[in-house]
Amino acid sequence: MKFYITTPIYYVNSEPHIGSAYTTIVADIIARYKRFMGYDVFFLTGTDEHGQKVLQAAQQAGKDPQEFCDELAEKFKQLWKELKITNDYFIRTTDEMHMKTVQEFVAKMKENGDVYKGIYKGWYCVPCETFWNEDEVIKEGEEHFCPECKRPVKWVEEENYFFRLSKYRDPLLKYYEEHPDFVEPDFRRNEMLKILEGGLKDLSITRTTFKWGVPMKDDPEHVIYVWVDALINYISAIGYGWNDEMFNKWWPADLHLIGKEINRFHSIIWPAMLMSVGLPLPKKVFAHGWLTVNGQKISKSLGNAIDPRFFVKRYGNDVVRYYLIRDIMFGKDGDFSEERLVHRLNSDLANDYGNLLHRITAMIKKYFNGRLPSPSAQEGLDSWLKERFFETKDAYHELMDSYRLTEALDKIWEFIADVNKYFNDTKPWILGKEGNMERLGTVLYNSLEAVFKVALMTLPVMPDTSKEVFRRVSFEEKPSKEHLENWGVLKSGSTVIHGEPLFRKIDAKDFKKVVETVSVEQNVITIDDFSKVDLRIAKVLEAEKVPNSRKLLRLIIDLGTEKRQIVAGIAEHYKPEELVGKLIVVVANLKPAKLMGIESQGMLLAAKSGDTLRLLTVNGEIAPGAKVS
Ligand code: MSP
């Protein structure tokens with residue numbers, strides 16, 4: 001029994017935030033559940049590193065794109081490690097093996113008559129790396145915007161290779177009909193069906209105006225469209241074209257887990273590509289909803305694109321995982337609200353779950369010297385508790401198997417409420433006082449066995465907490481579904497540890513939102529950070545417009561000990577002749593970068609407000625080369 005699960009591969013144009021971590025955490029939960037159920041699991045994640053969006057981010061950072069991607073990919077890997085993500089492999093689209101597979105895959109589509117040359121004329125959104133037709137973009141006067149992210153789109157007119165996507169409309173419709181569970185949730189499937197019913201246009205799959213991508217095998221002037229490159233990761237990672245045995249073991253994928261905005265790529269374009277080369281389609285694409293944070297869209301400029309580690313540090317990894325699944329209905333859009341998180345922590349985790357274990361182990365310590373008593377004759381309440389467990393367990397499997405993760409946790413917490421009721425109704429503290437040790441032993445045994453069952457069922461969501469519960473009840477086996485099959489797995493006589501409460505509550509008076517404290521903290525730099533920037537005064541010796549550029553000026557500056565050339569985007573605000581003789585402030589130790597093919601050996605400083613831009617200068621004469629600090 002195998003299970004192959006994937007996440008989208010993340011663009012490395014910026015660092016991950018709680019939104020991008022969401023998919024990976026959910027995939028980790030499903031992977032852990034499947035392993036628990038005895039499946040041989042392959043869990044894949046990785047990074048999407050080609051295309052204009054990443055290239056532009058590298059250029060803005062003044063870095064070589066490969067070096068830039070290496071740094072960012074490392075950050076993703078490190079984060080997943082810290083979040084205890086159990087991926088089996090991490091693919092990067094700049095990996096040699098992947099690039100070769102992409103070339104071969106596209107060559108095969110061409111061989112099969114599905115790729116032809118044509119002229120592309122249309123709009124392109126770089127942030128979404130998506131082509132849009134004239135009738136799809138939003139028009140406001142002369143300006144055109146992306147219907148998905150609402151940012152400006154660019155006009156593209158190029159000779160490209162096209163993929164005959166239109167040919168796959170009917171085969172796809174048939175496939176959807178024959179596999180009603182292919183795309184979930186069903187409202188996402190319906191969206192895809194609407195697109196299919198409306199007809200498909202052929203897709204431009206190469207670009208020639210930049211180089212940061214995989215070159216076409218027999219026409220290397222063309223680089224392969226970043227989405228085609230990225231989707232192929234799902235098969236290149238498992239050996240397609242380089243390890244048949246491994247590939248045949250894992251393909252088709254059992255689950256592509258994605259966010260809703262990239263469903264069309266996964267549920268229409270990718271299946272058509274696979275049909276073109278004659279490979280089976282993935283068994284399921286599940287498109288989940290989008291998170292906002294404290295009611296706001298996640299965005300760098302709003303200061304809430306926060307590194308998930310800050311939340312984990314404040315609340316704990318298991319708590320964040322639990323909260324994300326329990327409070328946000330899996331599949332729908334939802335809000336990551338810290339108030340709700342704290343509420344869930346205090347009430348579901350600390351009160352309902354942690355405190356229950358605490359009360360049980362306290363009594364085992366007091367009355368049985370920290371040894372688990374044996375159960376004896378069973379009464380009505382005992383049978384009721386067991387029955388409730390078996391009902392819960394069956395529902396749990398059914399819900400987890402159909403990825404209804406939120407409802408699975410709801411069921412477990414209904415059971416926890418029942419265990420609390422059992423504990424309160426059997427009144428073990430009175431049994432203890434009365435010295436009814438036989439009955440007390442039965443009640444404590446059943447209560448602890450019930451909590452142990454909770455730890456087994458919550459293991460995929462809260463692995464560290466479950467591990468701690470197993471330690472406290474001296475359960476040393478490898479947890480698996482067999483331990484959920486029967487009641488009475490815990491061994492009487494074994495040591496029971498009465499430790500610290502499993503969860504620490506957060507007091508309302510101590511509650512400060514991570515978003516408010518960290519967004520400021522994240523932007524704070526030390527004096528050492530600042531001293532890395534070598535700011536100098538320079539005198540402008542020459543200035544001229546860069547040919548074919550609206551924005552750029554080329555300046556020759558005097559830095560005291562040397563002359564340098566810099567390129568600055570100020571042509572719309574200053575005439576070249578206005579600048580000659582001015583004393584300006586420049587970053588002298590910035591790595592040189594090319595702008596429109598001209599090397600800039602530094603950067604000048606300017607202030608911007610709306611459409612106004614003003615250069616930084618000094619208040620009086622000073623020698624060029626003077627240090628600014
Ligand atoms: N590189 C493409 C995917 C290629 S897959 C062959 C891409 N990358 S991305 O970095 O933009 O990440 C997209 C994924 O990150 C989404 O599909 C979703 O899984 C996750 N999320 C990013 N922001 C999110 C939220 N605010 N909320 C929930 N998930 C989010 O698209």
Side-chain angles (χ1 to χ4, degrees), residues 1-10 18-37 39 41-46 48 85-88 172 175-196 227 230-231 233-235 237-238 250-274 280-291 321 324-334 336 396-410 460-461:
M1 267 190 333
K2 69 92 187 172
F3 191 81
Y4 175 30
I5 177 171
T6 67
T7 73
I9 48 172
Y10 301 96
I18 191 77
S20 26
Y22 178 62
T23 316
T24 314
I25 291 173
V26 173
D28 185 62
I29 289 169
I30 296 172
R32 286 178 187 263
Y33 171 70
K34 291 290 176 183
R35 288 189 199 109
F36 173 78
M37 294 304 286
Y39 285 79
V41 171
F42 194 87
F43 169 17
L44 177 70
T45 190
D48 191 353
I85 301 299
T86 56
N87 56 300
D88 294 286
L172 281 169
Y175 191 86
Y176 270 65
E177 209 173 284
E178 286 168 0
H179 302 83
D181 299 335
F182 176 48
V183 180
E184 284 195 55
D186 55 358
F187 53 94
R188 298 277 167 233
R189 173 178 190 264
N190 292 339
E191 287 172 358
M192 294 303 112
L193 278 173
K194 258 207 198 105
I195 297 180
L196 287 172
W227 263 104
L231 288 161
N233 94 84
Y234 298 133
I235 56 173
I238 53 164
W250 297 111
W251 192 256
D254 294 271
L255 178 62
H256 285 324
L257 186 67
I258 57 164
K260 63 177 182 180
E261 84 293 359
I262 56 175
N263 197 15
R264 196 167 55 90
F265 293 99
H266 285 81
S267 301
I268 294 178
I269 297 175
W270 177 226
M273 287 166 61
L274 289 165
L281 306 199
K283 293 198 187 134
K284 192 184 293 298
V285 176
F286 192 105
H288 66 64
W290 262 50
L291 294 189
R321 289 166 69 105
L324 285 172
I325 303 303
R326 181 77 200 273
D327 215 59
I328 294 161
M329 176 54 100
F330 182 59
K332 303 266 172 70
D333 289 341
F336 182 96
Y396 169 75
H397 286 314
E398 199 188 315
L399 293 166
M400 290 296 284
D401 288 338
S402 50
Y403 311 124
R404 285 153 68 191
L405 309 180
T406 306
E407 291 156 84
L409 285 183
D410 288 346
V461 179

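Because the structure is predicted, anything quoted here is derived from the model rather than measured.
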Measure across [X] and [Y] and return the closest heavy-atom pair with its distance rounded to 0.1 Å.
X: Val183; Y: Ser267; value: CG2-OG, 3.5 Å
X: Lys2; Y: Trp250; value: NZ-O, 2.7 Å
X: Tyr22; Y: Gly289; value: CE2-O, 4.3 Å
X: Ile18; Y: Leu291; value: O-CD1, 4.2 Å
X: Ile258; Y: Pro8; value: CA-CG, 3.9 Å
X: Ala287; Y: Pro185; value: O-CD, 3.2 Å

Could you tell me if the side chain of Thr24 sits less than 4.5 Å from the side chain of Tyr10, heavy atoms only? yes

Contact between Leu281 and Trp270 at the side-chain level, heavy atoms closer than 4.5 Å - yes or no?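 No, too far: nothing below the 4.5 Å cut-off.
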
Taking side chain to side chain contact (heavy atoms under 4.5 Å, CB included) as the test, write out the residues that go with Ala27, two or more places apart.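 Residues passing side chain to side chain contact (heavy atoms under 4.5 Å, CB included) with Ala27: Ile5, Thr7, Phe43, Leu257.
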
Once side chain to side chain contact (heavy atoms under 4.5 Å, CB included) is applied, do any residues pair with Ala230, and if so which ones, sequence neighbours excluded?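 Expected list: Ile9, Asp48.
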
Expected output: side-chain [X] to main-chain [Y] donor-acceptor under 3.5 Å:
X: Thr406; Y: Ile325; value: yes
X: Thr6; Y: Leu44; value: no
X: Trp290; Y: Gly259; value: no
X: Arg404; Y: Glu398; value: no

Tyr396 vs Tyr33, test: ring pair (Phe, Tyr, Trp, His ring centres under 6.0 Å). Steps then yes/no. CA-CA 11 Å; Tyr396 169 75; Tyr33 171 70; 5.7 Å; yes

Take atom NZ in Lys332; do more than 12 heavy atoms of anything else shown fall under 6.0 Å from it? no

Applying ring pair (Phe, Tyr, Trp, His ring centres under 6.0 Å) to Tyr403 and not counting sequence neighbours gives none

Quick one about Tyr4 and His256 (side-chain donor to acceptor, distance below 3.5 Å, no hydrogens or angles considered), yes or no? no

Look at the rings of Phe182 and Tyr175 and say which category their plane angle falls in: under 30° parallel, 30 to 60° tilted, over 60° perpendicular. perpendicular

Classify the ring geometry between Phe330 and Phe286 as parallel (under 30°), tilted (30 to 60°) or perpendicular (over 60°). parallel

Roughly how far apart are [X] [atom1] and [Y] [atom2], rounded to 0.5 Å?
X: Arg189; Y: Asn263; atom1: CZ; atom2: CG; result: 12.0 Å
X: Asp410; Y: Leu405; atom1: CG; atom2: CG; result: 11.0 Å
X: Leu231; Y: Ile262; atom1: CG; atom2: CD1; result: 8.5 Å
X: Leu196; Y: Glu177; atom1: CG; atom2: CD; result: 11.5 Å
X: Phe36; Y: Met400; atom1: CZ; atom2: CE; result: 9.5 Å
X: Met1; Y: Lys34; atom1: CE; atom2: NZ; result: 8.5 Å

Residue pairs, two or more places apart or on separate chains, that pass salt bridge (Lys or Arg N to Asp or Glu O under 4.0 Å) and touch residues 256-266: Lys260-Asp333

Contact list for residues 178-188, test salt bridge (Lys or Arg N to Asp or Glu O under 4.0 Å), sequence neighbours left out: Lys174-Glu178, Glu184-Lys284, Arg188-Glu191

Counterpart residues, side-chain hydrogen bond (donor to acceptor under 3.5 Å, both in side chains), relative to Thr86 (two or more places apart):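 Partners of Thr86 by the side-chain hydrogen bond (donor to acceptor under 3.5 Å, both in side chains) criterion, ordered by chain and then number, come out as Asp28, Arg35.
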
